[in-house]
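Heads up: the structure comes next, in structure tokens.
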2 protein chains.
Amino acid sequence: MKQQHFNQPIEECDLSLSSLFKHLTPEEVEKIILEKTQSSYKKGTYIYHEGNRITGCYLVMSGILKIFKTGIDGKEQIIRFAKPFDIIGFRSVLSGELACTTAKTLEDSTLCYIPQESLFYLVKNNGNFSLELLQLSCRELGEANEYITDIAQKTVRERLAEILIHLKENFGLDGDNVLQISLTREELANIVGTATESVIRLLSEFKSDNVIEINGRKIKLLNYKALVKIANFN
Amino acid sequence: MKQQHFNQPIEECDLSLSSLFKHLTPEEVEKIILEKTQSSYKKGTYIYHEGNRITGCYLVMSGILKIFKTGIDGKEQIIRFAKPFDIIGFRSVLSGELACTTAKTLEDSTLCYIPQESLFYLVKNNGNFSLELLQLSCRELGEANEYITDIAQKTVRERLAEILIHLKENFGLDGDNVLQISLTREELANIVGTATESVIRLLSEFKSDNVIEINGRKIKLLNYKALVKIANFN
DNA sequence: TCTCATACATGATAAATTTCATATTATTAC
DNA sequence: GTAATAATATGAAATTTATCATGTATGAGA
């Protein structure tokens with residue numbers, strides 16, 4: 001799939017939808033609105049690449065992205081997902097480092113680009129914004145620590161159950177208890193940190209145990225408590 | 001070992017030694033100096049515990065601490081170490097969450113406690129300090145992402161080699177190429193995310209291959225390039 | 001609707017790693 | 001200094017997980 005994007009001059013992105021921007025003064029909002037650019041991207045588009053310098057961050061207005069690092073033999077390690085009103089890319093902009101991850105859309109998405117100058121301006125001039133952003137990065141750091149411990153100590157089976165729970169909590173279920181985010185087995189493997197075949201086998205196992213029901217990439221949670229138990233006790 | 005600490009009224013901790021505080025105005029320095037408390041702690045003392053609320057952060061003036069999470073069956077997962085002029089505990093203070101890790105001294109240490117009120121005051125009133133702290137947490141986030149990918153994708157052997165390199169880079173070598181930080185095999189296992197026996201076996205293997213020399217907990221790096229090769233290619 | 005590429009599935013190994021058992025050796029506390 | 005405790009070491013077996021091989025199903029694009 002080719003990378004594509006096109007400006008959307010009509011529906012302007014509403015910054016106030018992100019809790020991060022709630023403390024801005026009207027003047028600051030005015031300033032940022034002039035500096036930001038909203039664009040839409042087709043599914044499968046790369047927003048930025050690991051190792052590149054990035055010049056701003058993106059506020060997700062619609063769609064879902066995967067944020068991943070490329071490890072051994074090009075194997076992706078998915079670090080997290082971004083969904084509407086999440087902000088991505090700010091880590092590299094603020095630390096002044098090259099992007100440590102790649103961001104790719106999993107669905108058609110609309111992002112609002114905020115140039116680094118605007119971001120630095122707000123950080124320096126609005127203590128509340130700065131604190132909010134600091135809190136965001138601290139929460140992400142806590143999640144990363146949790147992730148490290150899980151990968152290091154839990155079995156693949158436990159981690160897979162945990163990821164299903166995590167996906168439910170972050171993206172929700174439709175009316176029929178089906179996970180609203182749909183990932184390939186390979187992508188699931190790239191979150192869990194295992195081989196694709198292992199995910200396939202374990203999902204079949206969960207299915208045999210009536211914990212989930214599988215229909216292609218649609219995963220229906222039949223027994224949430226059992227899943228929690230698998231994730232925590234085995 | 002019992003937890004102990006005692007105030008040190010004489011040698012006042014010099015904040016300017018930490019790059020984090022370099023942007024403070026003389027008035028801010030004056031204010032913080034009145035609010036902070038310096039204490040010394042014996043080796044093996046817990047500074048804060050995972051799950052507790054903490055009321056301030058600590059600037060390490062001397063000594064080394066391990067920062068870890070407690071996972072399955074009480075097995076520790078070491079997330080990182082803190083050495084002089086590192087700041088610890090700020091993540092939980094700023095995010096307003098409970099401590100997500102436990103901090104324990106590995107040597108007799110001196111810490112400078114900075115109450116959360118002082119920290120918040122600086123974040124809100126000094127944009128440069130705030131940016132500096134934001135950059136710190138963003139850098140830590142980048143390191144955490146790296147760690148996640150390594151644990152998920154590399155073998156235990158590769159990760160152990162990598163940790164030895166990491167310890168060399170962070171704590172240095174003495175005149176005889178011996179790592180200046182001395183850890184038990186169990187602690188090494190708790191960084192790598194493996195069983196203690198595996199670390200013992202792999203260290204013996206590195207020794208047989210003349211990559212390191214072992215003398216109790218002293219690890220001498222004989223062939224750094226070989227170590228880098230093991231960490232990256234196997 | 002056909003076709004090609006990709007994703008999914010499953011069995012059979014192979015490899016890596018853990019666990020358990022048991023000595024031996026250091027450290028620490030008294 | 002000595003006893004008690006914790007850490008290190010190593011073998012054998014068990015377990016988990018990855019890899020390889022192969023076949024089927026599915027879906028996107030012509």
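Chain A is the first sequence line, chain B the second, and so forth, proteins listed ahead of strands; every chain is numbered from 1. This structure is a prediction, so every number in the text was calculated from the model and none was measured.
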Q.
One thing to verify: whether A:Glu205 and A:Arg157 come together as a salt bridge, which I'm taking to mean a side-chain N less than 4.0 angstrom from a carboxylate O.
A. yes
When rounded to the nearest 0.5 Å, the distance separating CG of B:Leu94 from SG of A:Cys138 is 5.0 Å
In this structure, CE of A:Met61 is separated from CG of A:Leu17 (nearest 0.5 Å) by 5.0 Å
So, does B:Arg185 get its side chain near the phosphate of D:dT8, meaning an N or O under 4.0 Å from OP1 or OP2? yes
TODO: Establish, with yes or no, whether the OP1 or OP2 oxygen of D:dA6 is under 4.0 angstrom from a side-chain nitrogen or oxygen of B:Thr184.
DONE: no
Give me the ring orientation class for A:Phe171 and A:Phe81: parallel if the planes are under 30° apart, tilted from 30 to 60°, perpendicular past 60°.
-> perpendicular
Taking atom [atom2] of [N] as reference, at what distance in whole Å does atom [atom1] of [X] sit?
| X | N | atom1 | atom2 | value |
| --- | --- | --- | --- | --- |
| B:Arg157 | C:dT18 | CZ | P | 15 Å |
| A:Lys43 | D:dG29 | NZ | C1' | 14 Å |
| A:Asp73 | D:dA18 | CG | P | 14 Å |
| B:Ile214 | C:dT25 | CD1 | P | 16 Å |
| B:Lys218 | C:dA26 | NZ | P | 16 Å |
| A:Glu205 | C:dC8 | CD | C1' | 17 Å |
| B:Arg217 | C:dT28 | CZ | C1' | 11 Å |
| B:Glu186 | C:dA26 | CD | P | 19 Å |

Base, sugar-phosphate, or nothing for [X], non-hydrogen atoms under 4.0 angstrom?
| X | value |
| --- | --- |
| A:Ser204 | sugar-phosphate |
| B:Arg201 | base |
| B:Ser198 | base |
| A:Thr194 | sugar-phosphate |

A:Glu143 meets the salt bridge (Lys or Arg N to Asp or Glu O under 4.0 Å) criterion, sequence neighbours left out, with none
Side chain to side chain donor-acceptor pair (under 3.5 Å) test vs A:Asn190 passes for just one of A:Lys66, A:Arg185, A:Lys75, namely A:Lys75
5'-most contact on DNA chain D (nearest-nucleotide basis), A:Gly216 vs A:Leu202, goes to A:Leu202
Sorted by position of nearest nucleotide on DNA chain D, 5' first, the leading residue of A:Glu197 and A:Lys154 is A:Lys154
Just wondering, do A:Leu183 and A:Ile191 contact through their side chains at under 4.5 Å, heavy atoms?
yes
Closest of C:dA9, D:dT17, D:dA7 to the A:Ile200 side chain is C:dA9
Students should find that the end-to-end axis angle of the helix from C:dT1-D:dA30 to C:dC30-D:dG1, with five pairs defining each axis and rounding to 10 degrees, is 60°
